[in-house]
2 protein chains.
Amino acid sequence: MRADARRNRDRIVEIARALFKDKGFSGVSMDEVAKAAGVGAGTLYRHFPTKEALYDAVLEAWTDKVKAAVDRALGLDGSARDKLVSWFGDYVDLLNGHKGAAARITLALGDPDSPFVAKCTRYLGANQRVIDELGPALRPGVSAMEISRLVGAVAAVADASALDPDEVGSMLGVVADGLVAA
Amino acid sequence: MRADARRNRDRIVEIARALFKDKGFSGVSMDEVAKAAGVGAGTLYRHFPTKEALYDAVLEAWTDKVKAAVDRALGLDGSARDKLVSWFGDYVDLLNGHKGAAARITLALGDPDSPFVAKCTRYLGANQRVIDELGPALRPGVSAMEISRLVGAVAAVADASALDPDEVGSMLGVVADGLVAA
DNA sequence: ACCTGAACACCGTTCAAGT
DNA sequence: ACCTGAACACCGTTCAAGT
């Protein structure tokens, strides 16, 4: 990759991140990104084949934060339910301010062709770790996919309806209680 | 309303229902509906100010079915959890085959300006009845809005990811368990 | 009153032409 | 190699002109 191309790519991602943060996924057009980054539309698409692929690059840091959040939750002193609530809450917070991201990642969970595969794998892996460590405290037979979808679904409505933290916390509490129930 | 207008309106809804059922909300364009119904685009918009308003008319029967489903579930012999699972399952089934409807109704829950207000009111009312009748068996302080959003969220991902009934049932079981937990 | 259909505004994506 | 920007395809919605 040529140096000028690299610079273009980096600037695009940086500028796109600011725009998406401000207006959400559907509030920003590809033309807007191209203009703001000072490149032609073709350049944008040369680096990112779709708008979703660009969004995936914008959310790059997310992946590491997911790992950190599970680590923290699992290291907590407390019941299985407490750990779940902490982890779920952090997960939703991680997507807070990225309007449209929660729904997109959740819908990509079963789709191997989505630009978000890497993120999905991370997220599923995180929930698998939760299952492995919390083991018998959880409802028997529960899968990482199921937990991921449940929490992702809550995150998606929380995002789309702009719920406040109290409401989200309450919903996550219901899910956590359901997951520790015999 | 003139007789010819009435006939046009009815035909539009009927044809649109078939198209939406087949291809989902985003799979059908307003032009397609107009063409199939044999009217101009202007006529379509004279009867329905937005695509969502048309969709609301298409889902007309839904409202009564919601009432029937709660009635049936509350009349069941069984635990509070059983009743919840039955009602939630029926709710998701009611939206089955209407791709895009679950998400739209769930997102409209807090929005008084949505074309789906009537449906939301019905749905919220149904969950309020559940709370009133199941009373102390449920988690204290739970609201109709919270239940509606939780089940709606599950319905939305089930719809968007085309989950099979087993997976949906399992997720609804988690939610139901969470709602009856102390 | 009600209808038609061309036109508008917007957006994701592509591609011929340039450097 | 990489870039530009006009053009394409599509879609929700509007509106001037007709009956």
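Within every chain, numbering begins at 1; the chains are lettered A, B, ... in the order of the sequence lines, protein sequences first and strands thereafter.
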Colleague: Just to be sure I understand the geometry, which residues of residues 98-118 of chain A put a non-hydrogen atom under 4.0 Å away from DNA chain D?
Modeller: none
Colleague: From CE of B:Met30 over to C1' of C:dC10, roughly how many Å is that when rounded to an integer?
Modeller: 17 Å
Colleague: Please say whether the positively charged group of A:Lys51, taken as NZ for Lys or CZ for Arg, lies over the ring of A:Phe25, i.e. under 6.0 angstrom from the six-membered ring centre and within 45 degrees of the axis.
Modeller: yes
Colleague: State whether A:Tyr45 places a side-chain N or O below 4.0 Å from either non-bridging phosphate oxygen (OP1 or OP2) of C:dT13.
Modeller: yes
Colleague: Could you give the distance from CG (A:Asp177) to CG (B:Leu179), rounded to the nearest 0.5 Å?
Modeller: 9.5 Å
Colleague: Is there any protein nitrogen or oxygen under 3.5 Å from a nitrogen or oxygen in nucleotides 16-19 of chain C, and what are the pairs?
Modeller:
none

Colleague: Any carboxylate oxygen within less than 4.0 angstrom of a Lys/Arg side-chain nitrogen, looking at A:Glu167 and B:Arg149?
Modeller: yes
Colleague: Hey, does B:Val28 reach any base, or is it just sugar-phosphate, or nothing, if we go heavy atoms under 4.0 Å?
Modeller: sugar-phosphate
Colleague: Tell me whether B:Glu32 at atom CD has more than 12 heavy atoms from other residues, nucleotides or ligands lying less than 6.0 Å away.
Modeller: yes
Colleague: Starting from C1' on D:dT13, measure out to CG on B:Leu54 and report it in whole angstrom.
Modeller: 14 Å
Colleague: Kindly state whether the ring of A:Tyr91 and the ring of A:Tyr123 have centres lying under 6.0 angstrom apart.
Modeller: yes
Colleague: So, for A:Asn127 and A:Ile147, which heavy atoms are closest and what is the spacing to 0.1 Å?
Modeller: OD1-CG2, 3.5 Å
Colleague: Before giving the answer on salt bridge (Lys or Arg N to Asp or Glu O under 4.0 Å), spell out for B:Lys65 and B:Asp90 the whole-Å C-alpha distance, their side-chain angles and the decisive distance to 0.1 Å.
Modeller: CA-CA 9 Å; B:Lys65 291 186 184 156; B:Asp90 280 355; over 6 Å; no
Colleague: Mind checking what makes side chain to side chain donor-acceptor pair (under 3.5 Å) contact with A:Thr43, not counting sequence neighbours?
Modeller: none
Colleague: Using the side-chain hydrogen bond (donor to acceptor under 3.5 Å, both in side chains) rule, collect all pairs that involve residues 10-22 of chain A, keeping only residues at least two apart or in two chains.
Modeller: A:Asn8-A:Arg11
Colleague: Could you measure the distance from the CZ atom of B:Arg81 to the CG atom of B:Leu138? Nearest 0.5 Å is fine.
Modeller: 13.0 Å
Colleague: Measuring from atom CD of A:Glu146 to atom CZ of A:Arg139, what distance do you get when rounded to the nearest 0.5 angstrom?
Modeller: 7.0 Å
Colleague: Represent DNA chain D in dot-bracket notation, 5' to 3'. Only Watson-Crick or G-U wobble pairs with both distances under 3.5 Å count; pseudoknot-style crossings use [ ] and interstrand partners use |.
Modeller: ||.|||||...|||||.||
Colleague: Starting at NZ of B:Lys23 and ending at P of D:dC10, how long is that distance when rounded to a whole Å?
Modeller: 13 Å
Colleague: How do A:Gly27 and A:Pro49 order along DNA chain C: which one's closest nucleotide is nearer the 5' end?
Modeller: A:Gly27
Colleague: With a 4.5 Å cut-off on side-chain heavy-atom distances among I, L, V, M, F, W and Y, is there a chain of contacts connecting B:Val154 to A:Leu163?
Modeller: yes
Colleague: What string of B, S and - do you get for nucleotides 1-8 of chain C 5' to 3' if you count protein non-hydrogen atoms under 4.0 Å?
Modeller: BBSBBB--
Colleague: What distance separates A:Thr63 OG1 from A:Lys119 NZ, expressed to the nearest 0.5 Å?
Modeller: 4.0 Å
Colleague: Calculate the interatomic distance between A:Phe20 atom CZ and C:dC11 atom P; express it in whole Å.
Modeller: 12 Å
